[in-house]
**Student:** 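One structure follows; several queries about it will come next.
The basis for the numbers below is simple: all heavy atoms, side chains too, and nothing from hydrogens, waters or symmetry mates.
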Amino acid sequence: MEATGRRPFASINFVTAHDGFTLRDLVSYDHKHNEANGEGNRDGCDDNRSWNCGHEGPTDDPAVRALRARQQRNFLATLLLSQGVPMLAGGDELGHTQRGNNNAYCQDNELSWLDWEHVDAALLAFVRRLTKLRASHPVLRRRRFFHGRRVHGLDVRDVLWLKPSGEEMDERDWFTHYVRSLGMVLNGEVMHEWSESGELVFDDPLLLLINAHWEGLSFALPPLRRQTPWRVLIDTARPQQPEQEHAGEQYALAARSLVLLCQPEAPPRSAE
């Protein structure tokens, strides 16, 4: 925490680790399946905080498979777009499965080996997009914590939390049990950080939209501060969609999805 003198990079963020489910298994199993370990499925943790998306283990159901793929993208985007140091378990970017075994330390075989012949190429491409975005936007890698207060002399804040209506969240909203959607504005224009060469660091304003509800909704976008429209960088419901401008004051946020938008600087005028 900031009160202890620590910085955001002192925290390690992760979804999965070497113990427990892999990311793919986290969205494919409600329960551990450690029978192969020879201990009657008694070993390993029972509290996995997982959800099989409607079917336990492998399935040919296209709806379940699509939801699992989206949930993996949601977890990865949450991890790589968060402040702090991301820890990605090896194999999660490839779609690695241990068939529900969450304690595979004793399995030196195909159960624990990475299957390089059946890599989830689409998931790997999505992770590459995320890591590229994180590297190109310093506001995602801040050296100081957000404060949420108005910046001195300016009518802006370094971070702002929004309701789907576009209004700012208040204290009561944080304790409303049925809220499953929110937005977060990361203002890279007021970072007040310096690079190693002594230059002031700036970034484009970013807007992160999260919808954990099982139904889609329309999210009102905040007013533009620049002369350029919002640009969609990532939408976990549309992973193949390239970066593109978004026209309109609302964004159709799909069920169980995460979207990252930015407002880039106006392009330079061409010489007349």
**Student:** Does Ser11 use its side chain to pair, donor to acceptor, with the backbone of Gly84 at less than 3.5 Å?
**Tutor:**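 Judged by distance alone, no pair lies under 3.5 Å.
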**Student:** May I ask you to check whether over 12 heavy atoms, not counting those of Phe14, lie within 6.0 Å of atom CZ?
**Tutor:**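 Incorrect, the count does not exceed 12.
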**Student:** Could you see if Phe175 belongs to whatever hydrophobic cluster contains Ile210? Use Ile, Leu, Val, Met, Phe, Trp, Tyr and a side-chain cutoff under 4.5 Å.
**Tutor:**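 In one cluster: yes.
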**Student:** Can a salt bridge be assigned to the pair Asp25 and Arg99 using a cut-off of 4.0 Å between side-chain N and carboxylate O?
**Tutor:**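 Not counted as a salt bridge, because no side-chain N and carboxylate O are separated by less than 4.0 Å.
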**Student:** Can Leu182 be reached from Leu260 by stepping across I, L, V, M, F, W or Y side chains whose heavy atoms are under 4.5 Å apart?
**Tutor:**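 Yes, same cluster.
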**Student:** Test side-chain contact (heavy atoms from CB on, under 4.5 Å) on Phe126 and Gln72 and set out the steps.
**Tutor:** CA-CA 10 Å; Phe126 185 75; Gln72 288 181 81; over 6 Å; no
**Student:** Which atom names give the shortest non-hydrogen contact between Met87 and Ala17, and what distance separates them?
**Tutor:**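 Residues Met87 and Ala17, closest heavy atoms: CE-CB, 4.0 Å.
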**Student:** Kindly compute the distance separating OG1 (Thr78) from CZ (Arg73), expressed to the nearest 0.5 Å.
**Tutor:**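 So the gap between those two atoms works out to 12.5 Å.
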**Student:** So, taking the atom named OG in Ser112 and the one named NE2 in His96, what distance separates them when rounded to the nearest 0.5 Å?
**Tutor:**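 Going from the OG atom of Ser112 to the NE2 atom of His96 covers 6.5 Å.
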**Student:** Got a second to check how far Trp230's CH2 is from Gln244's CD, nearest 0.5 Å?
**Tutor:**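 That separation rounds to 16.0 Å.
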**Student:** Would Leu130 end up clustered with Val15 when hydrophobic side chains under 4.5 Å apart are linked, directly or stepwise?
**Tutor:**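 Leu130 clusters together with Val15.
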**Student:** Identify the two heavy atoms, one from Thr236 and one from Arg256, that lie closest to each other, and give their separation to 0.1 Å.
**Tutor:**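 Closest approach of Thr236 to Arg256, heavy atoms only: OG1-O, 4.4 Å.
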**Student:** Evaluate the criterion side-chain contact (heavy atoms from CB on, under 4.5 Å) for residue pair Asp92 and Leu123; output intermediate values, then yes/no.
**Tutor:** CA-CA 9 Å; Asp92 280 353; Leu123 184 63; over 6 Å; no
**Student:** Atom CD of residue position Glu249 - does it have more than 12 heavy atoms of other residues, nucleotides or ligands inside 6.0 Å?
**Tutor:**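 Count not over threshold, so no.
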**Student:** Check each of Asn37, Asn34, Thr16 against Asn102 using the side-chain hydrogen bond (donor to acceptor under 3.5 Å, both in side chains) test, and report the only one that passes.
**Tutor:**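 For Asn102, the side-chain hydrogen bond (donor to acceptor under 3.5 Å, both in side chains) check succeeds only for Asn34.
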**Student:** Under the side-chain contact (heavy atoms from CB on, under 4.5 Å) criterion, do Leu186 and Leu208 qualify, and how do the steps go?
**Tutor:** CA-CA 8 Å; Leu186 307 178; Leu208 184 67; 5.7 Å; no
**Student:** Establish, from distance only, whether the side-chain atoms of Ser218 and Gln250 form a donor-acceptor pair under 3.5 Å.
**Tutor:**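 Yes, a side-chain donor-acceptor pair sits under 3.5 Å.
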**Student:** Judged by atom type as modelled, is there a donor-acceptor pair below 3.5 Å linking the side chain of Lys32 to the main-chain atoms of Asn41?
**Tutor:**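 Between the backbone of Asn41 and the side chain of Lys32 there is a qualifying donor-acceptor contact (under 3.5 Å).
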**Student:** Hydrophobic clustering (ILVMFWY, side-chain heavy atoms < 4.5 Å, transitive) - are Val127 and Leu94 grouped together?
**Tutor:**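 No; tracing contacts between hydrophobic side chains, which count when under 4.5 Å, never links both residues.
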**Student:** State, yes or no, whether a side-chain contact exists between Trp174 and Val179 at a heavy-atom distance under 4.5 Å.
**Tutor:**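 Side-chain contact under 4.5 Å: no.
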**Student:** How far does OG1 of Thr97 sit from CG of Leu23, to the nearest 0.5 angstrom?
**Tutor:**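 If we round to the nearest 0.5 Å, Thr97:OG1 and Leu23:CG are 10.5 Å apart.
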**Student:** Check whether Glu39 reaches the backbone of Arg42 with its side chain - one donor and one acceptor, N or O, closer than 3.5 Å.
**Tutor:**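 Pair absent, no side-chain N/O of Glu39 close to backbone of Arg42.
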**Student:** Does Leu162 reach the side chain of Pro222, with side-chain heavy atoms less than 4.5 Å apart?
**Tutor:**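 With C-beta onward as the side chain, the pair touches.
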**Student:** Find out whether Glu168 and Trp161 are in side-chain contact, i.e. whether some heavy atom of one side chain is under 4.5 Å from a heavy atom of the other.
**Tutor:**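 Sidechains of Trp161 and Glu168: no contact.
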**Student:** Hey, is CZ on Arg65 packed in by over 12 heavy atoms from elsewhere, all under 6.0 Å?
**Tutor:**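 At most 12 heavy atoms, drawn from other residues, nucleotides or ligands, come within 6.0 Å of this atom.
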**Student:** Between the side chains of Ser257 and Asn211, is a donor N or O closer than 3.5 angstrom to an acceptor N or O?
**Tutor:**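 Checked: Ser257/Asn211 side chains show no N/O donor-acceptor pair below 3.5 Å.
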**Student:** To the nearest 0.5 Å, what is the distance between CZ on Arg24 and CD on Glu93?
**Tutor:**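 So the CZ of Arg24 and the CD of Glu93 are separated by 13.5 Å.
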**Student:** Does Glu110 have more than 12 heavy atoms from other residues, nucleotides or ligands lying within 6.0 Å of its CD?
**Tutor:**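 Result for CD/Glu110: open.
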**Student:** Within the 4.5 Å heavy-atom criterion, are Asn187 and Leu160 side-chain neighbours or not?
**Tutor:**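 No. Closest side-chain heavy atoms not under 4.5 Å.
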**Student:** Ignoring hydrogens, what is the shortest heavy-atom contact between Leu133 and Leu140? Give both atom names and the distance.
**Tutor:**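 Reported closest heavy-atom pair: O-CD1, 4.0 Å.
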**Student:** Is a side-chain donor or acceptor of Arg141 paired with a backbone partner of Ser136 at a separation under 3.5 angstrom?
**Tutor:**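 Such a contact is absent between Arg141 side chain and Ser136 backbone.
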**Student:** Would you call Arg70 and Asn74 a side-chain contact if the rule is heavy atoms closer than 4.5 Å?
**Tutor:**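 Yes, their side chains come closer than 4.5 Å.
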**Student:** With no hydrogens and no angle check, do the side chains of Asn103 and Asp43 hold a donor and an acceptor under 3.5 Å apart?
**Tutor:**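 There is such a pair (donor and acceptor under 3.5 Å, judged by atom type) between the side chains of Asn103 and Asp43.
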**Student:** Considering only heavy atoms from C-beta outward, does the side chain of Phe75 approach that of Val27 to under 4.5 Å?
**Tutor:**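 Phe75 vs Val27: side chains touch.
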**Student:** Within a strict 4.5 Å, meaning less than it, do heavy atoms of the Leu233 and Glu243 side chains meet?
**Tutor:**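 Of all side-chain heavy-atom pairs linking Glu243 with Leu233, at least one is under 4.5 Å.
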**Student:** State, with a plain yes or no, whether a side-chain heavy atom of Glu56 is found less than 4.5 Å away from one of His33.
**Tutor:**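 Counting from C-beta outward, Glu56 and His33 do come under 4.5 Å.
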**Student:** So which atom in Gln83 and which in Asn13 form the shortest heavy-atom distance, rounded to 0.1 Å?
**Tutor:**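 Between these two residues, the closest heavy atoms are O-ND2, 2.6 Å.
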**Student:** Hey, is CZ on Arg238 packed in by over 12 heavy atoms from elsewhere, all under 6.0 Å?
**Tutor:**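 More than 12 heavy atoms, drawn from other residues, nucleotides or ligands, come within 6.0 Å of this atom.
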**Student:** Would the number of heavy atoms belonging to other residues, nucleotides or ligands and lying under 6.0 Å from CG of Asn109 be above 12?
**Tutor:**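 Yes.
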**Student:** Are Phe9 and Ile12 joined in one hydrophobic group, where the rule is that I, L, V, M, F, W and Y side chains link up if heavy atoms are under 4.5 Å apart?
**Tutor:**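 Yes; Ile12 is reachable from Phe9 via cluster members.
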**Student:** With rounding to the nearest 0.5 angstrom, report the CG to CG distance, Leu88 to Leu76.
**Tutor:**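 That separation rounds to 6.5 Å.
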**Student:** Between His31 and Phe21, what is the shortest heavy-atom contact and its length?
**Tutor:**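 His31 and Phe21 have their closest heavy atoms at O-CZ, 3.6 Å.
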**Student:** Using atom types as modelled and distance alone, determine if a side-chain donor or acceptor of Gln263 lies under 3.5 Å from a backbone N or O of Thr228.
**Tutor:**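 Checked: pair present.
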**Student:** Of all the heavy-atom pairs spanning Tyr251 and Gln241, show the shortest one and how long it is.
**Tutor:**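 Tyr251 and Gln241 have their closest heavy atoms at OH-NE2, 4.4 Å.
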**Student:** With a sphere of 6.0 Å drawn around CH2 of Trp116, does it hold more than 12 non-hydrogen atoms of other residues, nucleotides or ligands?
**Tutor:**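 Check fails, neighbour count at 12 or below.
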**Student:** Determine, stepwise, if the pair Leu206 / Leu81 fulfils side-chain contact (heavy atoms from CB on, under 4.5 Å).
**Tutor:** CA-CA 11 Å; Leu206 298 184; Leu81 300 179; over 6 Å; no
